[in-house]
Structure formats: C-alpha cells, structure tokens
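Since the structure comes first, as structure tokens, the remarks are kept for the end.
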Amino acid sequence: MRRITMAAAGAIFALSLAACSGSGAGSTDDESTGAPADTGDLTIGVAMPTQESERWIADGDAVKSGLEKAGYKVDLQYANNDIPTQQQQIDQMITKGADLLILASIDGTALSNQLQSAADNDIPVIAYDRLIRDSENVDFYVTFDNYKVGVQQATSLLVGLGLLKADGSKGDAAGPFNIELFAGSLDDNNAHFFFKGAMDTLQPYIDDKTLVVKSDQTKIEQVATLRWLQETAQKRMEDLLTSTYSDGSKVQGVLSPYDGLSRGIITALQNAGYGPGIDAGMPIVTGQDAEIASVKLINDGVQYSTIFKDTRKLADQAVTSAQAFLAGDKPEANDTESYDNGVKVVPSFLLDSDIVYKDNIQSLLIDSGYWSADEVASGQAS
Ligand code: GAL
C-alpha cells in the first residue's frame with residue numbers, strides 16, 4: 001500500500017489518500033500520520049434548479065450536509081429556474097476551481113458548453129435526478145427509476161378509480177371514466193420517462209374505452225407543463241373544464257406527474273365547484289415528490305396519491321458517487337442501459353420509489369422520519 005504525506009494538496013491528494021485506505025475520500029485516515037483525512041481543500045459545486053419547490057430545497061440541504069460531513073467544501077447554488085443563471089453559476093464553479101460538479105439541470109439540453117469546460121479541466125460531472133443530454137461529458141447519473149415512477153402514478157390513478165386494487169388485482173369498478181393527462185417540462189428528460197411509464201400503463205384502458213381522455217389531448221407535447229409551474233397547470237385545467245366539460249359531464253381522474261401541478265389542478269377543480277374532497281366529487285388526482293402541502297391534502301382526502309422519492313437516499317448516493325470519483329474510482333452503477341443522453345448511455349444508479357396513499361402516510365413518511373405527524377397535520381415543513 002502506498003504511503004503519502006499530508007503535504008499533498010488538491011485532487012491528487014484526495015486520489016492518493018483514498019487509494020491508500022481503500023475507502024471513500026471523505027472517510028479516510030492518513031495511515032502515515034494517523035491524522036484525519038483533510039478533504040477540506042476539495043470543493044464540490046452543486047447546482048440545483050429552483051427554491052420554488054420544496055423538494056429541491058431538501059435535495060440541496062441533504063447533498064450539502066452529506067458532502068460537508070464527508071469533509072468537502074460545498075458551493076451550492078440555486079438558479080430560480082432560469083437557464084442563463086444556471087449556466088453562469090456552473091461557469092463560475094469551474095472558474096473558482098471546483099473539483100467535482102453535481103448538477104440538477106433546468107433544461108437538460110442547455111449545459112453542453114459548461115460540461116465541455118468541466119471536461120477540459122478534468123472535473124467529473126454527476127447528473128443529479130435529471131439527465132443532462134447531448135454531451136459526452138456526463139460521467140455518472142444518480143436518480144430514481146423514472147419509468148417506474150410513471151407506472152406508479154398511473155397505477156395509483158387506476159386504484160383510485162377502482163379499476164385496480166392496491167395489490168394490483170382487478171378492481172370492482174367498470175368505468176368508463178373521463179380522465180385528463182398532464183406531463184412535466186419537455187426540456188426535462190424525466191418528464192418523458194414519467195409520461196411513457198404512465199401511458200404504457202393507461203393505454204390498454206384507453207384502447208378498450210374504460211378510460212376516456214375527453215379532451216383528446218394525449219400527446220406529451222399537448223399536455224406538457226413548461227418548467228413544471230403550478231399556475232400553468234391550473235390554467236390548463238381551467239381551460240379544459242371550459243372547453244371540454246361545460247356540457248355537464250365530469251372529469252373523474254387526472255394524471256398529474258408532480259405535486260405542485262396537482263395543487264394547481266385541484267385549485268382549478270375546486271374553483272369550478274368540484275369537491276372540496278374526493279368524497280364530494282373531487283376527481284382522483286395523482287402526484288409526485290410527497291411535498292408536505294400535498295401530503296396534507298392526501299391526509300385530508302383531497303389529493304389521492306403521490307410518489308415518495310426519498311431525497312435523503314438520492315443525496316447519499318450522490319455523495320458516495322462523488323467520493324468514488326475523487327478517490328480515482330468509478331462509482332457503482334446499477335443501470336447501464338436506460339439513460340441514453342443522445343450521445344452516450346450514461347452509467348446510472350437508480351433508486352426505488354413508493355406510492356403514497358392516505359393509509360400509508362404513517363408507515364412511509366412519518367415512521368421513516370421524512371415528515372412528522374405535526375407537519376402532515378399542518379401542511380408545513382417545520
Ligand atoms: C423532476 C423531478 C420530479 C419533480 C419535477 C419538478 O425532474 O424528477 O421529482 O421534482 O422535476 O420539480
């Protein structure tokens with residue numbers, strides 16, 4: 001085993017140090033001195049899309065604290081969902097000498113220049129949650145199984161309508177049911193995976209007319225929501241109610257791929273006289289992210305479901321992958337096929353997600369410490 005001295009600095013220092021101990025750069029002791037590893041010279045740039053949504057705040061906090069615990073300096077930036085701002089922030093991270101980048105993109109196709117300059121400076125890049133497209137300079141991708149998230153969203157819609165039981169067996173309802181579909185931002189690769197997973201699940205029911213998309217808007221381009229904005233979804237739901245349901249017919253289910261959109265959709269429905277809750281005619285509305293405001297709505301019987309993606313686990317995975325790179329290793333991938341970014345298939349680590357219904361809020365979210373019972377009751381993070 002190679003011995004090194006604490007005098008070494010920067011990336012070379014971290015590389016040698018980790019090679020010496022055989023574990024991650026953040027957890028090593030220098031065996032020649034017995035002193036704790038000094039990874040404090042290494043800075044990791046973390047770019048997050050927006051603070052408008054609670055999940056990205058949680059992600060940013062968790063990644064930052066995980067990296068700091070591992071001994072790194074962290075430069076965490078949020079970009080207000082503005083693409084030029086995010087580009088500038090990443091440029092600056094590179095100029096300031098970041099040793100590694102963890103990036104959750106706004107527009108997955110808009111970072112090619114930044115990634116080229118990272119590669120020119122030998123800075124490894126980890127795409128966080130959202131794939132960065134059209135660049136060979138993405139070294140790794142940590143995310144959830146996004147196709148499966150879409151399957152889960154559609155499954156919960158079918159369960160809510162009574163077409164399936166929660167265990168996946170056939171439900172008692174026969175339909176037909178009127179539904180409407182929403183998708184996320186087209187420049188977010190995830191939006192396509194969510195929608196594909198959902199549509200593969202719903203299509204057989206649409207084909208046999210158990211489900212009727214009354215607006216006839218079934219293509220992702222027709223149902224997408226730029227930047228995942230709540231007010232955009234609210235507006236589209238209002239427009240759908242006017243254009244398609246002013247003949248007295250009712251919409252009974254809405255596929256929504258994200259809690260922020262779900263809340264906009266629910267507001268539009270309530271303003272039009274639906275609900276307030278499911279037992280008073282609110283359609284089955286799905287979601288994603290287990291945002292606290294939506295978990296409360298589920299607990300109150302207003303929103304039907306969400307998908308829980310434990311951002312703590314995603315942050316841990318990002319930290320582990322960063323440590324591997326800085327130790328001169330390759331992070332462990334569990335998927336080397338699904339995420340073709342247009343230039344190459346990016347090695348990925350995919351995490352699992354769960355469907356949240358009212359009756360498993362306790363076991364999934366409260367028992368795991370993700371939200372407290374008080375937060376669920378108030379709908380606010382404390
Ligand atoms: C996606 C992400 C979802 C949701 C959405 C809107 O990229 O995977 O969990 O947060 O963005 O922020």
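Read the numbers this way: they start at 1 and go in the same order the structure lists the ligands and their atoms.
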Residues that Asp359 engages under salt bridge (Lys or Arg N to Asp or Glu O under 4.0 Å), provided they are two or more places apart: none
Please, which pairs that meet side chain to side chain donor-acceptor pair (under 3.5 Å) have at least one residue in residues 155-164, sequence neighbours excluded? Ser156-Ser305
For the residue pair Arg236 and Phe182, would you count it as a cation-pi contact if the rule is NZ or CZ under 6.0 angstrom from the ring centre and within 45 degrees of the ring axis? yes
Do Lys214 and Tyr245 meet the cation-pi criteria used here (NZ or CZ under 6.0 Å from the six-membered ring centre, within 45° of the axis)? yes
Taking only residues at least two apart or on different chains, which pairs with a member in residues 141-156 satisfy salt bridge (charged side-chain N to carboxylate O under 4.0 Å, His left out)? Lys148-Asp352
Which of parallel (below 30°), tilted (30 to 60°) and perpendicular (above 60°) describes Phe193 and Tyr339? parallel
Show me the short polar-atom pairs for ligand 1: any N or O of it lying under 3.5 Å from a protein N or O, with distances only.
residue: ligand 1; atom: 7 (O); partner: Arg130; partner atom: NE; Å: 2.6
residue: ligand 1; atom: 7 (O); partner: Asp188; partner atom: OD2; Å: 2.5
residue: ligand 1; atom: 7 (O); partner: Asn190; partner atom: ND2; Å: 3.2
residue: ligand 1; atom: 8 (O); partner: Asp129; partner atom: OD2; Å: 2.6
residue: ligand 1; atom: 8 (O); partner: Asn190; partner atom: ND2; Å: 2.9
residue: ligand 1; atom: 8 (O); partner: Lys309; partner atom: NZ; Å: 3.0
residue: ligand 1; atom: 9 (O); partner: Arg55; partner atom: NH1; Å: 2.7
residue: ligand 1; atom: 9 (O); partner: Asp289; partner atom: OD1; Å: 2.6
residue: ligand 1; atom: 9 (O); partner: Asp289; partner atom: OD2; Å: 3.4
residue: ligand 1; atom: 9 (O); partner: Lys309; partner atom: NZ; Å: 2.8
residue: ligand 1; atom: 10 (O); partner: Asp289; partner atom: OD2; Å: 2.6
residue: ligand 1; atom: 11 (O); partner: Arg130; partner atom: NH2; Å: 2.9
residue: ligand 1; atom: 12 (O); partner: Trp56; partner atom: NE1; Å: 3.0
residue: ligand 1; atom: 12 (O); partner: Arg130; partner atom: NH2; Å: 3.4

